[in-house]
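Chain naming here is simple, since letters A, B, ... match the order of the sequence lines and numbering starts at 1 in each.
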Protein chains: 2
Amino acid sequence: MNIGEIARRAGVSRSTVSYALSGKRPVSDETRRKIQDVIDELGYRPNASARALANGRTSTIGLVFPPAGNHYTGMQLDFIGSVVEAAAAHDYDVLLSPSGVDSDRSFQRLLGERRVDGAILMEIRLKDDRVDHLAELDFPAVAIGRTAHPESGWWVGLDHTALAAACVHHLADLGHRRVAFVNRPEQLLRAGYESAHRGLEGFTKAAAERGLTVRTYCCGDDAASGQACLERILHDDPATTGLVTLNEAALGGLYRGLAQAGRHVPRDFSVTGVVAGRWAETVTPQLTAADVPAEEMGRRAVDLLIERLDHPGAPPRHHLLAPPISLRASTGPAGGTPSA
Amino acid sequence: MNIGEIARRAGVSRSTVSYALSGKRPVSDETRRKIQDVIDELGYRPNASARALANGRTSTIGLVFPPAGNHYTGMQLDFIGSVVEAAAAHDYDVLLSPSGVDSDRSFQRLLGERRVDGAILMEIRLKDDRVDHLAELDFPAVAIGRTAHPESGWWVGLDHTALAAACVHHLADLGHRRVAFVNRPEQLLRAGYESAHRGLEGFTKAAAERGLTVRTYCCGDDAASGQACLERILHDDPATTGLVTLNEAALGGLYRGLAQAGRHVPRDFSVTGVVAGRWAETVTPQLTAADVPAEEMGRRAVDLLIERLDHPGAPPRHHLLAPPISLRASTGPAGGTPSA
DNA sequence: GATGGTTGTCGAACCGGTTCGCGTGAAGTG
DNA sequence: CACTTCACGCGAACCGGTTCGACAACCATC
C-alpha cells in the first residue's frame, strides 16, 4: 500500500507514479490510466509523513489555543470553528496547541519539530512574547488580535478602543451619566491582554469626553463572577444606570445580578458591550452590542496565513475590524422608572 | 539543524545521537554530555515528520469535529478543550477534522494518509457509518457517544435515556402533568443522532409510566428557534407547565419565550433538561439539570484511546455516565400562581 | 540526413529520522 | 590466560514519498 507497490502493479517506476499524481511532468494517458486503476483498486493514499518529509511542507497549520483549564468563551469556539473550516477549504489541517501551563513546550513541539507550516495565535497580549518570537524567526504566523506595535505584523484585529468608545457614546446619547465597565479577569488585564487594555482605554477616554462618572471592574469569566461583580457595582454606586462589558462569559451573571437587585433591563438599567453576535442573542432581553465577527475573523486569519505561506517575503498585511453596534433590546433612555 | 549536523559537531555518528536521545541503547555519560551540549547550543529538535515516517507513529490524534457551518454548542467547546488538554498530558497533539460537507474526504485525509494514530469521534448516530467503518478497519478510535450496538466498541457515553427519564420523574414528582420535550433539530433526529433518539425515548417512556400528557418538539440550535418553539408549545397546549430539553443552544430562547408569554420560572413553569453544567448556570433562574460532564468525558475518551494505542488488541472498554440532576432554581411545584 | 526540441520513462539521490548487525576494547570469570 | 560478557559506537538499510539528470523514441526543420 505504498507507492512502490502501486508502481510494481502498474508496471512502472515509482517516479512515474509520483508524476502521474502530481502532474509535474507529462505522463502518457495510457500509463496514467493504468496507474489510476491500480490506485482505485487498492484505495491507495500517499503517506502524509513521507510527503511532508520529502517536500518540507506539512499542509497543517497550528492554532495556538488559549490557556486551557480556564473557562472558554463562546467567541473562542466561533474562532476555532471558522478557522478549521477555512483551513479545510485550502486543504490544510488544523493542529490545536494548548498554550496553557507550559506554553514553551507546546510551542517547541509546533515549530521546533516542524509539525506545522504556519500558525494562528489567539488571545494576544499588548506585549506578546509569542508574537515577538515568531516575528524574529520569520515564522509564518497570523495573530487574531494585535500587540502594542502592530505595524510590522500579520494580524486580524478588532478595534476594541473604538468599540468600547461606541458603547459609551451609545449610553451617553441615551442620557446615562453613571456607567460601569466590566472587563475580563484581573489576571488577564495584568497579563496585558489587548482586548482588556484597549477596551478599557476606549471606555475611559470616551467617558471622559462625555463627562460621565465611571467605575471600572475586572470580572471572572463565569456567571457567578458576573453576578458578584454586579452586586459590587450597585454597592459602590447605587445610582449607576448602565454598564459596558467585554466579558461574554459573565454576561448571564450580570443579568442575574440585575434581576436580583430588582433592576429591570432596559427600563432601569442599560447593558451593552462587545460580544459575539450569536451569544448576544441568547440573553433576555437580547444584548445591544458591538457584535464580534468571530467567523469572519477566523476566516480572514486563515486567508492571510495562506497568502503568507504561498508568497514568502510578502509585505505584512492586516485587517482591523470595527463592526457597528447592533441595536437590540438591552439599552434604553436613562431615568426610566427608578426602582426601590 | 538535523541529526547529522548534531552528530558531526559532537564528533559521533547519527545513530549514536539517536540512541542518546531515545535511551534505547546505552551511551557513555561523556558522549551523552557532548551531544547534549551541542543540542542545547543549537536548540535542536528532531523533525516530527521524519520521526513519524521512521517509526510509524505520528503522536497525533484526530478529533472528528461536528458538522461545521451549523451552530456549535457550548458542550462541544468543552469537549474540545478537555480532549486537547488530556492529549497534551500524554504528549499527543490533536488534529481537528471537520466532518462537515465532505466527510469522506477529511476522513481519508486522517486515516488514508496516516496523519493520526487514532481518532475521537463526536456527535455519534445510532447507526453511524464512521464508527462501523473504523471498527471494520480495526482503526483505534473512541466515540463520545454510542451507537445502537455499543457492546463491541470503545466509547464514553451519556445515558441519555436515563437522564431524560430522571428529568421527567423530577417534574412528575413536583406535580406536573402536562409536559413538553424540546429536542435537537429535526434534521439531526432524522439523521439518527443518539442523544436526540435516546433522550426522546427516555422521555416518552418515563412520561407514559407516570401517566403524563406530553408533546415533543424538535428545535433549531439557536435562541430564535428556542423562542419560536416555546410559542408553539404554549399555543398547542396552554396548560403545559414544564419542559425537558436536550437543546443547550436553544435554552436562552426558551427562557425568553416564557418571559414574553408572562410565565414566571419556576412559579408558573418549570424547565429542566440535560445541559453542560457551566451553561446551565448562565441562565436566570439557573437551570435544574442533569449536568453533562463534558470535561470528564473528553478526558476519559483520550485515556481510553491512549490505552488502546498502547495495547493493540486489548478488549473494548467503555464508560457510561449518568450524572445526577443538579437542583438549581428553574423547577418548582406545579400549580404555583397561574398567571394571565 | 544530420540537428534540435518534445514527450515519456527510469534510476538514483535525497528528506531526517530509527534500528539492526557488527566490531572493538575493557571488565569479569574459571 | 583464554573465554565469555557487556558497554559503547559505527555504518548501512529502511520508512515512503519527491525530484533531478539522463536517455530513448518520436516528430519537425533546414
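For the pair A:Arg32 CZ and C:dG8 C1', the computed distance is 11 Å after rounding to whole Å.
Applying the 4.0 Å criterion to OP1 and OP2 of C:dT7, one finds that A:Ser28 has every side-chain N and O outside that range.
Side-chain contact between B:Phe107 and B:Val64: present, with at least one pair of heavy atoms (C-beta onward) separated by less than 4.5 Å. You'll find the side chain of A:Leu305 reaches within 4.5 Å of the side chain of A:Pro140, heavy atoms only. Between B:Leu63 and B:Met122 the shortest side-chain heavy-atom distance falls below 4.5 Å. Looking at heavy atoms from C-beta onward, A:Gln76 lies in side-chain contact with A:Glu123 at the 4.5 angstrom threshold.
The 12-atom threshold is exceeded at CD of A:Glu151, counting heavy atoms of other residues, nucleotides or ligands nearer than 6.0 Å.
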Along nucleotides 15-21 of chain C, 5' to 3', which nucleotides get a B, which get an S, and which get a -, given that the test is a protein heavy-atom distance under 4.0 Å?
BBBBBBB
Can you give me every donor-acceptor pair (side chain of residues 309-317 of chain B, partner residue at least two apart or in another chain, under 3.5 Å) with its distance?
residue, atom, partner, partner atom, Å
B:Arg317, NH1, B:Glu307, OE1, 2.7
B:Arg317, NH1, B:Glu307, OE2, 3.2

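With B:Arg109 contributing its side chain and A:Asp91 its backbone, the two residues share a donor-acceptor pair below 3.5 Å.
The shortest non-hydrogen separation linking A:Gly145 to A:Glu194 is CA-OE2, 3.3 Å.
Comparing the helix axis at one end of the helix from C:dG1-D:dC30 to C:dG30-D:dC1 with that at the other, each defined from 5 consecutive pairs, gives an inter-axis angle of 50° (nearest 10°).
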